[in-house]
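Notes follow the structure.
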There are 2 protein chains.
Amino acid sequence: MGIEDVDRGRWYTARMQRQTAQRHAILDTIRQAAGPLSIPQIHARASQDAPGLGLATVYRTVKLLLATEHIVAVDFPGEEPHYEPIGRGHHHHFRCLSCDHWFELDRCLGCLVAIPDGTTLPDGFVVEAHHLTLYGRCPRCAAEPNPTASPA
Amino acid sequence: MGIEDVDRGRWYTARMQRQTAQRHAILDTIRQAAGPLSIPQIHARASQDAPGLGLATVYRTVKLLLATEHIVAVDFPGEEPHYEPIGRGHHHHFRCLSCDHWFELDRCLGCLVAIPDGTTLPDGFVVEAHHLTLYGRCPRCAAEPNPTASPA
DNA sequence: AGAGATGTGATAATGAATTATCGATATCGG
DNA sequence: CCGATATCGATAATTCATTATCACATCTCT
C-alpha cells in the first residue's frame, strides 16, 4: 500500500512529480478507511503519519489524486464532499447516526433497489441510475450503549 | 391554496404576524411545485406572483415557513438545500438529468428498497432509515428529442 | 554532496451562500 | 381611514469552504 503500490505513470504528471511523506500518508489514509472521508477527516488521520500536515496540502493533494484518478469524490446530502479510492465499482453507503461516520457497503449488499436502471416507471420517468443511502447504526455503535465517536 | 388555507395559529407567531403577497406567493410556489425547489427556483417562480420580490425575502420567508412547520428542507448530494411542503409522508425523489429538476415520486413508487428499515445487515449494520434517489429523464424530457429547461 | 526545481505550511485572499442592516412600504386593528 | 409597526427590497456584512501566495524545506538528478 506504499510507494511501490503507486503506478508511476499516473502518479507522475506535470503537476505531481515527487513522492513525499505527506502524499503517501493522504493516499494511504483514504485507502485504509472503511468509507469515504471528508477533508477534515483526511487531515486528522493523515496527520498521524505526517506530523504537522497542513490543511492546504490536503486540499492540494486530494485535487491531484482526483486528477490522476487515484480517488473519486462522493457527495452526500447536505455535507462537504467525501473521497474514496477509485475502482470499487457500484456500491452504496451507510451512515451511522451515532458516530456520524460513513461506511462503504459491499457490492452484494449494495444493489438493494427493486427497480433496475433502464426501467420506465408508470408515470413515464425513465430510470438511468440510482443512489441509495442507508442510515442507522454501525456494528460498533449498535453494540455499545454509550458509543464513542471514533470508528474504524 | 390561498390565505384561507393557512392555519392562523401556525402562521401567526412572534416573528410572523402579517399576511403579505410575498409570503403567499412563496408558500403557494412551494406547494404547487412537482418537487422540491431551491431558493433561486422559489425566487424565480414566486416573482411572477409578487413582482420585484427580493432574494432576502425568500430566505427570510423560507426560514419562517420552516419554523412554523409549513415546509421541510430536503438535501441532495452536492446541491443547495431544497424545500417542499410538510406532511407528504415517506417518499423518494427523481432528478431529470436533462432539465435538472427534481420531482417527488408517489408513495406507491417510493418504497423500492428491498431491505426494510429495522433490518440488520449481515455485517452488523442496523438500518433505521434510507434515502433513495433516482436519476434519469422526466416524462417531458424523455419524449422530446431536444428538451427545454422549463419543466412543470 | 550540491544545485535547482518541486512541495510544504501558514496565512491571506477568494467565492458563494446566507444573514444583518436600514430606510421605505404595506398591513391590520381600531 | 390612520397610525404603529411588521415586513420589504437593496445591499453590505458575515460565514465557511476552498484556493492563492510566498518564504522555507525537501526531493531528485547528476
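From a predicted model like this one, the values you see are computed outputs, not experimental measurements. Lettering of chains follows the sequences in order, A, B, ..., and the numbering in each one begins at 1.
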Please report, rounded to the nearest Å, how far the [atom2] atom of [N] is from the [atom1] atom of [X].
X     : N      : atom1 : atom2 : value
B:H82 : C:dT18 : NE2   : P     : 11 Å
B:Q19 : D:dT5  : CD    : P     : 20 Å
B:E80 : C:dG15 : CD    : C1'   : 14 Å
A:H43 : C:dT8  : NE2   : C1'   : 12 Å
B:D49 : D:dC8  : CG    : C1'   : 17 Å
B:L64 : D:dT7  : CG    : P     : 8 Å
A:L55 : C:dA13 : CG    : C1'   : 15 Å
B:M16 : C:dC28 : CE    : P     : 12 Å

Taking B:E79 first and then B:R95, would you say they form a salt bridge - that is, a charged N and a carboxylate O separated by under 4.0 Å?
yes
Evaluate the ring planes of A:F76 and A:H82, with Trp represented by its six-membered ring, and classify them as parallel (under 30°), tilted (30 to 60°) or perpendicular (over 60°).
perpendicular
With a 4.0 Å limit, can you tell me whether [X] has a side-chain N or O closer than that to the phosphate oxygens OP1/OP2 of [N]?
X     : N      : result
A:Q22 : C:dG9  : yes
B:Y59 : C:dT19 : no
A:R23 : C:dT8  : yes

Tell me whether the side-chain N or O atoms of B:R60 pair up with the base of D:dT7 as donor and acceptor below 3.5 Å, since no angle test is needed here.
no
Base D:dT28 to side chain A:R18, donor-acceptor N/O within 3.5 Å cut-off:
no
Salt bridge (charged side-chain N to carboxylate O under 4.0 Å, His left out) partners for B:E84, two or more places apart
none
Check every strand shown and say whether [X] touches a base, only sugar-phosphate, or nothing at a heavy-atom separation below 4.0 Å.
X     : value
A:L53 : sugar-phosphate
B:P40 : nothing
A:P81 : sugar-phosphate

Under the ring pair (Phe, Tyr, Trp, His ring centres under 6.0 Å) test, residues paired with B:H131 that sit two or more places apart:
A:Y135
Earlier contact from the 5' end, DNA chain D, for B:T20 and B:A56:
B:T20
Closest-nucleotide 5' rank along DNA chain D - winner of A:I39 and B:T61:
B:T61
Quick one: do the B:E104 and B:H93 side chains pair a donor with an acceptor below 3.5 Å?
no
Heavy-atom nearest nucleotide on DNA chain C for B:Q17 versus A:G54: which residue maps closer to 5'?
A:G54
